[in-house]
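Reviewing the structure listed below.
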Amino acid sequence: MSRGRLGSDRLATAFEMGLREYARTPVLLALLAFLPAYFVGIFVYVLPASEVPITVPGAGRTLVATIEVYGVLLIPMMGALIGGLAGLFVMLTARDADGRLVVAGYRPVHLVIARYVLIAIAGLVAIGVSIAVLAIEFVPERVGWVVAASFLLALTYGMLGTLSGLILSRLAGVYTMLMLPMIDVFFFQNPMVEEYHWIAAYLPAHGVIKVATDAGFTSSVNLDPLLGAVGYFVIAALLATGAFYRSLRV
Amino acid sequence: MADAREAHGGVGTAAGRGRRLRAGVSSHVRAFVRTPINVVLLIALPIAMVEGYGAAMEAFPSLPFIDTAQMVEMGRLNGAMYTVAFFAGVLGLFQVISALQADERLRICGYSRVELFVSRLVTVVIGSLVITGVSLAVLWWSTPVAAPIAAFGALALAAFIYGLIGMLIGAVLPRALEGSLVLVFLVDADDFFSSGILDLNAAILNVFPLHFPHQLFRDAVFDGTVATADAVGGVAYLLVALAVVSVLYVRLTGDGGVAA
């Protein structure tokens with residue numbers, strides 16, 4: 001068997017084992033679907049039918065319904081929360097087994113890719129469910145870009161979750177992944193503010209929320225802010241991957 | 001021989017039970033503080049959240065549905081409440097999840113299920129009181145607190161309620177990822193809706209765990225008052241939570257902590 005073929009087989013096996021791990025925990029699968037539905041659903045139910053002024057990058061100051069503002073924020077928020085926690089726990093629970101797989105001949109890169117794909121799936125499920133529930137009340141103007149931006153944030157937080165799980169502790173990692181997405185997306189990046197706090201520019205969701213807001217309320221989306229978001233993701237991925245390699249002691 | 005053991009506080013006596021409870025609590029507390037990052041979190045978390053929320057709210061403009069002109073102070077209050085609820089909830093959750101195997105061994109050593117529950121509960125209460133004290137101190141440093149004791153009581157109430165909820169989630173769903181997910185979604189929605197930042201009037205919000213603590217905390221910090229109805233509601237909520245969690249925890253954790 002060629003080396004390339006062996007590598008792709010191992011990657012597929014590692015990924016399949018990860019998927020089976022998901023399938024073996026139906027409660028987790030149910031929660032991945034139910035919790036975003038609950039969260040978005042309760043916002044749709046509770047938020048007042050008032051209008052608020054927001055800053056839309058492509059349209060300036062605009063008056064929109066409160067649920068529409070939070071709808072645009074909720075989709076990336078769900079991706080960030082689920083992606084972050086998935087990153088934290090997928091890596092933590094798989095670390096010991098992955099160490100043994102490396103001893104057995106697996107290349108760490110195969111394991112890293114397989115784990116990251118699992119994190120991406122968790123984020124996508126959360127985003128898909130959130131969009132579906134939100135559609136009861138509001139459909140963003142350019143759904144595809146909202147999903148793409150949210151997915152990027154889910155991946156970024158997945159990397160940050162992985163990193164925090166590896167360099168902090170489980171408990172500290174959970175605190176970080178519980179609080180950071182909430183305060184980042186809902187408060188610092190909230191488009192209701194007229195002028196962002198200086199801290200906002202250094203947080204993971206900055207470019208993503210700008211693009212999501214633009215895509216939510218205009219038909220032409222300015223993708224420039226995504227560059228910074230992609231850069232954030234790449235740096236987070238490099239750091240997380242480095243920490244993962246180090247944890248495997250290879 | 002057996003009489004001599006009884007006389008010195010043996011297995012079935014009150015003294016023996018008290019000693020076992022102290023041993024259980026001190027071992028749980030030691031297990032927590034053995035990890036330095038946990039101790040750092042006790043200090044860093046309130047500072048980051050109280051000041052972070054305050055900074056985040058600073059940029060908000062005055063909006064028609066926002067119920068206050070004191071945006072930064074409201075942000076800091078919200079950060080303090082969020083911190084204690086989160087910390088206590090996660091502490092309760094991981095107290096239970098990480099306790100499963102240890103509790104099995106303690107059960108073999110003669111601990112009853114009730115003793116195990118009480119020792120976990122006391123540990124969560126101690127953690128809740130510490131994080132409450134630190135959070136209030138951080139808040140007080142930057143924001144005047146009109147009635148400090150009432151504010152401490154309101155924050156502690158939130159911490160106790162979420163400590164119990166964390167224990168409950170840990171008993172029903174004793175896995176780290178699943179338990180954390182449930183807790184995250186519960187606290188995030190609860191804190192956001194109960195915070196008073198939005199002017200909401202849906203009836204369902206009255207049964208959210210932080211509804212009464214948030215009201216009490218705002219009154220205590222801004223006005224120095226305690227609304228009797230909110231205090232009674234909050235304490236009643238705590239007692240009901242305690243009763244439900246006690247029954248479910250003792251039942252679900254079966255012989256030494258193996259949840260169904």
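Every chain is numbered from 1, with letters handed out A, B, ... down the list of sequences.
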Proximal component of [X], with respect to chain A [non-hydrogen, under 4.5 Å]:
X: Asn78(B); answer: side chain
X: Phe94(B); answer: side chain
X: Phe193(B); answer: side chain
X: Val182(B); answer: both
X: Leu45(B); answer: side chain

- Query: What option among Asp188(B), Leu93(B), Val90(B) has the most heavy-atom pairs under 4.5 Å with chain A?
  - Reply: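 That would be Asp188(B).
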
- Message: Quick check on the interface: out of Ala55(B), Gly52(B), Ala189(B), who has the most heavy-atom pairs with chain A under 4.5 Å?
- Response: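 Heavy-atom pairs under 4.5 Å are most numerous for Ala55(B).
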
- Query: Where is the tightest heavy-atom contact between Met49(B) and Ile183(A), given as atom of each residue plus distance?
  - Reply: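 That closest heavy-atom pairing would be CE-CD1, 4.3 Å.
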
[atom1] of [X] to [atom2] of [Y]: how many Å apart, nearest 0.5 Å?
X: Asp191(B); Y: Met182(A); atom1: CG; atom2: CE; value: 5.5 Å
X: Phe185(B); Y: Leu81(A); atom1: CZ; atom2: CG; value: 5.0 Å
X: Phe89(A); Y: Leu181(B); atom1: CZ; atom2: CG; value: 8.0 Å

Residue part contacting chain B, namely of [X], when any heavy atom lies under 4.5 Å:
X: Met77(A); result: side chain
X: Leu47(A); result: both
X: Val174(A); result: side chain
X: Phe186(A); result: both
X: Phe43(A); result: both

- Task: Using a 4.5 Å cut-off on heavy atoms from C-beta on, say whether the side chain of Val184(B) contacts that of Leu35(A).
- Result: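 When only atoms from C-beta onward are counted, Val184(B) and Leu35(A) do not touch, as no gap falls below 4.5 Å.
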
- Taking the side chain as C-beta and beyond, is there a heavy-atom pair between Ile204(B) and Ile42(A) under 4.5 Å?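 Yes, close enough: below the 4.5 Å cut-off.
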
- Who are the side-chain contact (heavy atoms from CB on, under 4.5 Å) partners of Leu91(B), not counting sequence neighbours?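 Leu91(B) satisfies side-chain contact (heavy atoms from CB on, under 4.5 Å) with Phe32(B), Phe87(B), Gln95(B) once adjacent residues are dropped.
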
- Between Tyr70(A) and Phe192(B), does the ring centroid distance fall short of 6.0 Å?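 Yes, close enough.
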
